[in-house]
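Encoded as structure tokens, the structure appears first; notes follow it.
The model shown is predicted, which means the values in this text are computed figures rather than measured ones. All residue numbers in this chain count up from 1 along the given sequence.
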Amino acid sequence: MNKSVKMILLIVGIVLIGYGIYTLIAPEASVSIGGFSVEAQDNTNSYITIALGLVAIALSFLGGKK
């Protein structure tokens with residue numbers, strides 16, 4: 001695999017993992033009424049994003065050396 005392709009996959013993987021962790025931590029919606037507050041969060045997409053980032057990083061390291 002070409003060096004530039006490996007570098008692009010590595011950078012994309014790191015960005016995807018960072019974005020996935022951010023969406024995992026940051027609440028999507030919150031409602032506050034007086035002293036009562038409720039936060040709703042759906043983490044399905046963040047898990048998929050983190051997994052795609054890990055796959056991209058793995059592909060950047062597993063490229064054949066010839």
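Between Thr23 and Asn43 the shortest heavy-atom distance is O-OD1, 4.3 Å. Between Leu54 and Ile17 the shortest heavy-atom distance is CD2-CD1, 3.6 Å.
Checked against side-chain contact (heavy atoms from CB on, under 4.5 Å), Ser4 has the following partners two or more places apart in sequence or in another chain: Asn2. Remark: Asn45 engages no residue in a side chain to side chain donor-acceptor pair (under 3.5 Å) (not counting sequence neighbours).
In this structure the side chain of Phe61 reaches within 4.5 angstrom of the side chain of Leu10, judged on heavy atoms.
Ile14 and Ile50 end up in the same hydrophobic cluster when Ile, Leu, Val, Met, Phe, Trp and Tyr side chains are linked at under 4.5 Å. Residues Ile8 and Val55 are members of separate hydrophobic clusters, defined by side-chain heavy-atom contacts under 4.5 angstrom among Ile, Leu, Val, Met, Phe, Trp and Tyr. Placement of Val5 and Leu59 within a single hydrophobic cluster is found when ILVMFWY residues are connected by side-chain heavy-atom separations under 4.5 Å, directly or transitively.
Rounding to the nearest 0.5 angstrom, the gap separating the OG atom in Ser46 from the OH atom in Tyr22 is 12.5 Å. The distance from atom CG of Leu16 to atom CD1 of Ile11, rounded to the nearest 0.5 Å, is 12.0 Å.
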